[in-house]
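One structure is given here, and the rest of the page talks about it.
A, B, ... follow the sequence lines: proteins, then strands. Residue 1 opens every chain.
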2 protein chains.
Amino acid sequence: MKTRITLKKIASEFGVSISTVSKALKGSHEISEEVRERIQAFADFYNYKPNNLALQLRNQKTSVIGVIIPEIVHHFFSTVIDGIEQYANKRGYNVMVCVSNESYEKEVLNFNVLTNGSVDGLIVSVARGTQKNKKYNHFEALIKDEFPLVMFDRIIESIECDKVIIDDVGGAYNAVEHLIEIGSKKIALLTTQDYITVGSLRKEGYLKALKNAGLEIDESLIYKINDSENLYEQIKKVFNSKNQPDAILAVNEIYAANALIIAKERGLSIPNDIAIIGFTSGLISEFTSPPLTSVVQHGYLMGEHAAELLINRIEHISPTEYQKEVISTNLKIRKSTFIEN
Amino acid sequence: MKTRITLKKIASEFGVSISTVSKALKGSHEISEEVRERIQAFADFYNYKPNNLALQLRNQKTSVIGVIIPEIVHHFFSTVIDGIEQYANKRGYNVMVCVSNESYEKEVLNFNVLTNGSVDGLIVSVARGTQKNKKYNHFEALIKDEFPLVMFDRIIESIECDKVIIDDVGGAYNAVEHLIEIGSKKIALLTTQDYITVGSLRKEGYLKALKNAGLEIDESLIYKINDSENLYEQIKKVFNSKNQPDAILAVNEIYAANALIIAKERGLSIPNDIAIIGFTSGLISEFTSPPLTSVVQHGYLMGEHAAELLINRIEHISPTEYQKEVISTNLKIRKSTFIEN
DNA sequence: TATGAACACGAAAACGTTTGCGTAACTTAA
DNA sequence: TTAAGTTACGCAAACGTTTTCGTGTTCATA
């Protein structure tokens with residue numbers, strides 16, 4: 001790459017000082033009309049642009065926010081990033097994305113790389129590995145330094161910082177309520193392992209709705225899927241069990257879509273034999289047959305809010321106490337739970 | 001945020017010079033054992049880490065690569081980013097992601113922000129707006145400065161830089177060949193507007209395969225979808241036409257899935273009445289009913305290759321002439337074209 | 001002719017590093 | 001005792017900016 005032109009080079013070209021050039025290009029009245037115009041023309045010709053690194057160092061501000069997410073090939077997370085990116089742009093910030101791949105080690109690595117001056121603040125959704133081993137030292141170090149930090153979706157309650165979450169409890173509650181309304185009595189739950197916060201919150205909503213409707217809780221209808229093993233085989237167990245449900249609530253789109261496929265393989269009619277709802281943020285639910293009723297998560301909104309919280313914190317226009325924003329879901333009813341009279 | 005500890009602060013703490021501290025922390029033999037240990041202990045205690053900005057400025061290297069893509073909520077693009085990110089990490093680079101939102105103006109803006117020293121190189125997939133208005137000045141400026149640049153997927157032929165593309169022609173060719181093999185005679189093409197390069201390349205493969213099989217080309221079977229209008233309504237036209245196809249090749253997953261839905265609404269049996277294939281990189285095709293035969297694009301691989309080309313260029317270990325890598329597709333045959341005997 | 005203001009520019013510090021070179025103090029050997 | 005070598009550190013430049021303050025010249029005014 002050719003080296004870019006600098007103030008120094010322009011200065012030596014005109015035999016003036018660096019400060020003169022700097023002032024000239026900023027249109028300072030300290031510089032005579034004539035000199036200013038000549039410098040401006042020269043700079044334009046060589047397409048001068050101030051070096052960002054130098055500015056960042058001087059201003060002690062990068063105008064970059066770092067985002068660390070468990071995965072990026074994931075509709076929900078990419079939607080959140082989209083929201084973050086668009087909002088950050090409006091406020092004059094850029095976004096640096098790192099992927100933890102659900103690994104604690106990689107997450108720590110990303111923390112180290114990003115918090116050494118490369119970014120003004122961090123938005124994080126916690127890796128599964130971290131949630132599992134509960135090692136939060138990297139977060140604690142950040143908090144101790146008062147480094148601007150926002151957690152979203154997968155959060156750690158004990159870490160004091162701004163947070164944005166989906167109303168997981170409410171979403172699951174509404175979904176179950178809807179299933180009960182259409183007559184379901186035995187509602188299975190396809191959820192994650194307990195250490196995934198969103199999974200356990202959705203379970204909480206599920207349980208709450210059952211209780212509220214006076215339905216008994218049947219632990220054998222709760223299936224905890226292990227994401228590192230074969231999904232299809234695990235979900236099959238729901239249908240192999242002697243305790244057959246008449247409805248399923250899945251905590252994500254993939255679980256729901258797999259359940260739908262298996263149900264159809266078994267010759268079950270949907271929603272008559274079995275109704276299915278999944279949490280979603282993607283497109284799959286629209287294109288299955290029948291399309292899946294979904295708890296829609298507004299990832300874009302979540303991203304926007306996370307970015308707003310972070311930037312306000314960076315720019316010291318936040319209240320001192322930390323905020324916790326809850327993004328509500330809505331239930332998109334499609335054919336997988338729609339029973340025609 | 002608390003200000004981080006710097007060499008200067010440590011130096012004044014011990015009453016030594018900054019260079020002594022720097023050398024001590026780098027384990028230089030110039031510094032006595034005793035002083036070194038004391039400085040090291042102090043630095044560890046205060047969790048000293050060199051300021052990245054300062055290093056970047058001094059070394060004239062950021063170890064960051066910029067990525068500008070048309071959208072991020074898109075399975076293909078997020079998969080490419082994943083590939084870029086993982087590969088870049090292995091080589092010690094981080095990734096800064098910007099979204100052009102298909103807009104020429106936003107793309108130019110991103111160029112300006114990223115090429116002022118923030119990144120060592122750029123990976124770009126061209127915005128639709130840019131492809132449409134054919135204003136390539138921002139690219140040309142980069143090339144003139146010999147700024148490391150790699151284009152992927154949506155490329156501009158006339159810009160001289162490293163490129164990575166999908167074998168769009170071959171992918172479409174194979175898909176059509178497959179359709180012909182299963183007996184299709186009238187194959188419709190659901191493609192994009194001409195200015196989208198991947199769309200026209202896929203059309204090229206489509207035409208080539210028809211010619212090769214001695215089938216006549218029927219322009220009325222070629223539908224150019226406009227992404228800014230209602231997809232569903234546009235695709236409906238295929239089925240409203242008096243010229244009914246017995247197969248459809250769609251240049252992306254969404255077109256294919258919509259076609260499938262509409263076909264089923266019309267009571268058509270798939271693949272008997274009409275076979276459908278889509279280009280894909282997402283999950284939708286697996287979960288439709290029947291699942292869609294797909295031209296699978298290996299986005300992850302593409303990302304890896306793009307990052308490799310770029311980093312090699314940055315580190316001057318590329319051949320002088322620019323490379324153009326072609327990532328081949330493969331045809332994943334599913335039920336939407338699988339006719340049982 | 002002095003005084004003061006206005007004008008136009010330069011010097012230098014600051015942001016936080018790294019590193020080549022200079023140099024005191026001390027040690028060793030002749 | 002002296003020359004040479006070693007040890008252990010400091011100085012200063014460099015990366016590219018911005019900005020405060022200082023200063024020399026010109027000009028008008030009393």
Answer yes or no: does a side-chain N or O of [X] lie under 4.0 Å from OP1 or OP2 of [N]?
| X | N | result |
| --- | --- | --- |
| Ser22(A) | dT18(D) | yes |
| Ser19(A) | dA11(C) | no |
| Lys49(A) | dG16(D) | no |
| Lys8(B) | dT17(C) | no |

For a quick check, tell me whether the side chain of [X] and the base of [N] share a donor-acceptor pair closer than 3.5 Å.
| X | N | value |
| --- | --- | --- |
| Ser17(B) | dC9(D) | no |
| Gln60(A) | dC15(C) | no |
| Lys23(A) | dT20(D) | yes |

Test side-chain hydrogen bond (donor to acceptor under 3.5 Å, both in side chains) applied to Thr115(A) and Lys49(B), step by step
CA-CA 9 Å; Thr115(A) 57; Lys49(B) 300 224 181 71; 5.8 Å; no
Please pick, from [options], the nucleotide with the shortest atom-to-atom distance to any side-chain atom of [X].
| X | options | value |
| --- | --- | --- |
| Arg58(B) | dT19(D), dT17(D), dT17(C) | dT17(C) |
| Leu57(A) | dG16(C), dT19(C), dT20(D) | dG16(C) |
| Thr6(B) | dG16(C), dT17(D), dA8(D) | dG16(C) |

[X] has an atom [atom1]; how far is it from atom [atom2] of [N], in whole Å?
| X | N | atom1 | atom2 | value |
| --- | --- | --- | --- | --- |
| Lys9(A) | dA14(D) | NZ | C1' | 14 Å |
| Ile31(B) | dT7(D) | CD1 | C1' | 10 Å |
| Arg36(A) | dC9(C) | CZ | C1' | 14 Å |
| Glu30(B) | dT19(C) | CD | C1' | 9 Å |
| Ile10(A) | dT18(D) | CD1 | P | 11 Å |

Is the gap between the ring centers of Phe139(B) and Phe111(B) under 6.0 Å?
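Phe139(B) vs Phe111(B): aromatic centres under 6.0 Å.
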Aromatic ring centroids of Tyr87(B) and His305(B) under 6.0 Å?
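Centroid distance Tyr87(B)-His305(B): not below 6.0 Å, so no.
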Residue mapping more 5' on DNA chain D - nearest nucleotide basis, Arg4(A) or Val21(B):
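In this pair, the answer is Val21(B).
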Check whether any side-chain heavy atom of Lys9(B) lies under 4.5 Å from a side-chain heavy atom of Thr6(B), and answer yes or no.
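A side-chain contact under 4.5 Å exists here.
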[X] near the nucleic acid: base, sugar-phosphate alone, or nothing, with a heavy-atom cut-off under 4.0 Å?
| X | value |
| --- | --- |
| Tyr48(B) | sugar-phosphate |
| Ile18(B) | base |
| Leu7(B) | base |

Indicate the ring-plane relationship of Phe152(B) and Phe76(B), choosing parallel, tilted or perpendicular according to the 30° and 60° boundaries.
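Plane angle between 30° and 60°, so tilted.
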